[in-house]
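Here's the structure we're looking at; comments come further down.
Lettering follows sequence order; numbering is per chain, from 1.
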Number of protein chains: 2
Amino acid sequence: MDPAVREKIYAFLDARRLRRTAQRDAIIEAAFSTTEHFTAEALLAQSRRNEPSVSRATVYRTLPLLVASGLLREMDFGQDFKYYDPNFIDKPHHNHLICLDCNKIVEFEDEHMEVLENCISHRLGFSPAVKSVRIEASCDELKILGICRKRKPRDAD
Amino acid sequence: MDPAVREKIYAFLDARRLRRTAQRDAIIEAAFSTTEHFTAEALLAQSRRNEPSVSRATVYRTLPLLVASGLLREMDFGQDFKYYDPNFIDKPHHNHLICLDCNKIVEFEDEHMEVLENCISHRLGFSPAVKSVRIEASCDELKILGICRKRKPRDAD
DNA sequence: TTAAATGCAAATTATTTGCAGAAGC
DNA sequence: GCTTCTGCAAATAATTTGCATTTAA
């Protein structure tokens, strides 16, 4: 976990007069030691490796805090549970392409997209806050080669 | 309800050997007689005005059929229930801007966005299927005038 | 000390499903 | 008549919450 991230998150906790607990530390550590998207359940499992006393309730109570801090983004991919994305710290404007074949999520950034979104928002009379592009797509390689190399090595499916 | 839409939906039912029932008719009529986004619960209420015997279960069983037909799009706006959007028939590539002030959903189309999404997908090695851009934004007018004229007249909030 | 945080278990809520009866073709 | 649909009510599953207890400051 990047020390700068740790510093930011604790500054946020301080500003809100939120206490530092073993459970919160464990959850924060688990959330920001990966670049993968994760679910609440996966975060619980990972947090418990750091601190076995972490309960599901505390994970669910901590997640909104991390989202409010701006360091974690809640993502809805149309499933019946939410994903959390810790990569907005490094790439504040990234978007998601979801592979219909292997279910993998490919992140991408594009400055033209960014400019275009701002343009459209202002044309409509709004100031954009949170922007997200989601593309569901099928893998070209899979069609040709029969395998999908976009599949990432460590897979939580 | 546009006769062409009615024709399409019944052609879809025929092709799948799905039966025509009073309840399905009522639900279809309710779904495609509006240009508003709606929830399953709202669709149930509206369907019952056409046919009081419609049950919640039938609405939930019919919605996936309408989505599969391509005439209705399931939308996830990050809330704990789904919205359904009947406007993809007329505007197959439209996107959504959600006003953070009045919660209204503004639909927009932009051909540059469309081109850019296709470009990015192919650059990443994918063929795009379902694309959605979602912009959460605050209303410029509200900030200046104190009111948000983007609020639509008929409001289900 | 004292307010905040926690774990547990029960509650909540949109959606799904099993089943017996009703209805389309 | 046979199969699909339906309503009902119970099941499901992610998330939230009440409460008694623990803990940070």
Side-chain angles (χ1 to χ4, degrees), chain A residues 9-31 37-69 72-84 156, chain B residues 9-31 37-69 72-84 156:
Chain A
I9 193 81
Y10 285 122
F12 174 83
L13 294 180
D14 277 357
R16 292 249 188 145
R17 304 281 152 84
L18 297 170
R19 290 177 183 172
R20 197 140 153 194
T21 67
Q23 291 85 350
R24 272 187 189 151
D25 279 354
I27 294 168
I28 290 166
E29 199 65 30
H37 306 87
F38 51 81
T39 61
E41 197 61 28
L43 182 59
L44 171 65
Q46 190 60 41
S47 302
R48 280 180 168 166
R49 283 184 214 166
N50 302 330
E51 171 57 57
S53 73
V54 173
S55 72
R56 187 169 284 104
T58 298
V59 166
Y60 275 109
R61 281 190 272 236
T62 302
L63 277 169
L65 296 178
L66 303 187
V67 170
S69 79
L72 194 65
R73 272 276 280 278
E74 191 175 280
M75 308 291 324
D76 211 312
F77 293 127
Q79 294 176 274
D80 48 2
F81 44 83
K82 290 168 188 156
Y83 276 98
Y84 294 87
Chain B
I9 194 81
Y10 285 122
F12 174 83
L13 294 181
D14 276 357
R16 294 249 187 145
R17 305 281 151 84
L18 296 170
R19 290 177 181 171
R20 195 138 155 198
T21 67
Q23 290 87 349
R24 272 187 188 152
D25 280 354
I27 294 168
I28 290 167
E29 199 65 31
H37 305 86
F38 51 80
T39 62
E41 197 61 27
L43 182 59
L44 172 64
Q46 190 60 41
S47 302
R48 280 180 167 165
R49 283 183 214 167
N50 302 331
E51 170 57 58
S53 73
V54 173
S55 73
R56 187 169 284 107
T58 298
V59 166
Y60 275 108
R61 280 190 271 237
T62 303
L63 277 169
L65 296 180
L66 303 186
V67 171
S69 80
L72 195 65
R73 271 276 282 278
E74 191 176 281
M75 308 292 323
D76 211 311
F77 293 126
Q79 294 177 274
D80 49 2
F81 45 83
K82 291 168 189 158
Y83 276 98
Y84 294 87

Open item on the list: Quick check against the 3.5 Å criterion: does B/Ser47 have a side-chain atom that pairs as donor or acceptor with the backbone of B/Leu43?
Closed with: yes
Open item on the list: Check whether A/Arg24 reaches the backbone of A/Arg19 with its side chain - one donor and one acceptor, N or O, closer than 3.5 Å.
Closed with: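 Confirmed, A/Arg24 side chain pairs with A/Arg19 backbone.
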Can you tell which of [options] lies closest to the side chain of [X]?
| X | options | result |
| --- | --- | --- |
| B/Arg19 | C/dT6, C/dC25, D/dG7 | C/dC25 |
| A/Ala57 | C/dT17, C/dA3, C/dA9 | C/dA9 |
| A/Phe81 | D/dA9, D/dT15, C/dT6 | D/dT15 |
| B/Thr21 | C/dA5, C/dT15, C/dG24 | C/dG24 |

Can you check the [X] [atom1] to [N] [atom2] distance for me, whole Å?
| X | N | atom1 | atom2 | value |
| --- | --- | --- | --- | --- |
| A/Arg48 | C/dC8 | CZ | P | 7 Å |
| A/Leu13 | D/dA25 | CG | C1' | 14 Å |
| B/Glu41 | C/dT15 | CD | C1' | 11 Å |
| A/Leu65 | D/dT15 | CG | C1' | 15 Å |
| A/Glu74 | D/dA14 | CD | P | 15 Å |
| A/Glu51 | C/dA5 | CD | P | 17 Å |
| A/Phe77 | D/dA14 | CZ | P | 17 Å |
| B/Asp14 | C/dC25 | CG | C1' | 12 Å |

Open item on the list: Counting the atoms with a prime plus P, OP1 and OP2 as sugar-phosphate, which does A/Tyr60 contact under 4.0 Å by heavy atoms, base, sugar-phosphate, or nothing?
Closed with: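 Since a base atom lies under 4.0 Å of A/Tyr60, the category is base.
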TODO: Pick base, sugar-phosphate or nothing for A/Arg61, based on heavy-atom distances below 4.0 Å to the nucleic acid.
DONE: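 Answer is base: heavy atoms of A/Arg61 come under 4.0 Å of a base.
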Open item on the list: Please give me the minimum heavy-atom distance between B/Gln23 and B/Ser53, naming the atom from each residue.
Closed with: NE2-OG, 3.3 Å
Task: Smallest separation among heavy atoms of B/Arg48 and B/Ser55, with atom names - done: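 Reported closest heavy-atom pair: NH2-CA, 3.9 Å.
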TODO: Indicate, yes or no, whether a donor-acceptor pair under 3.5 Å links the base of D/dA25 to the side chain of A/Arg20.
DONE: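 Checked by distance alone, the answer is no.
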- [ ] May I ask you to verify whether the side chain of A/Arg56 and the base of D/dT15 hold a donor-acceptor pair under 3.5 Å?
- [x]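 Counting by modelled atom types and ignoring angles, no donor-acceptor contact under 3.5 Å is found here.
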Task: First encountered from the 5' end of DNA chain C, between B/Leu18 and B/Lys82 - done: B/Lys82
Open item on the list: Classify the ring geometry of B/Phe77 against B/Tyr83: parallel below 30°, tilted from 30° to 60°, perpendicular beyond 60°.
Closed with: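 B/Phe77 vs B/Tyr83 ring planes: tilted.
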TODO: Compare side-chain N and O positions of B/Gln23 against OP1 and OP2 of D/dG7 and report whether any pair is under 4.0 Å apart.
DONE: yes
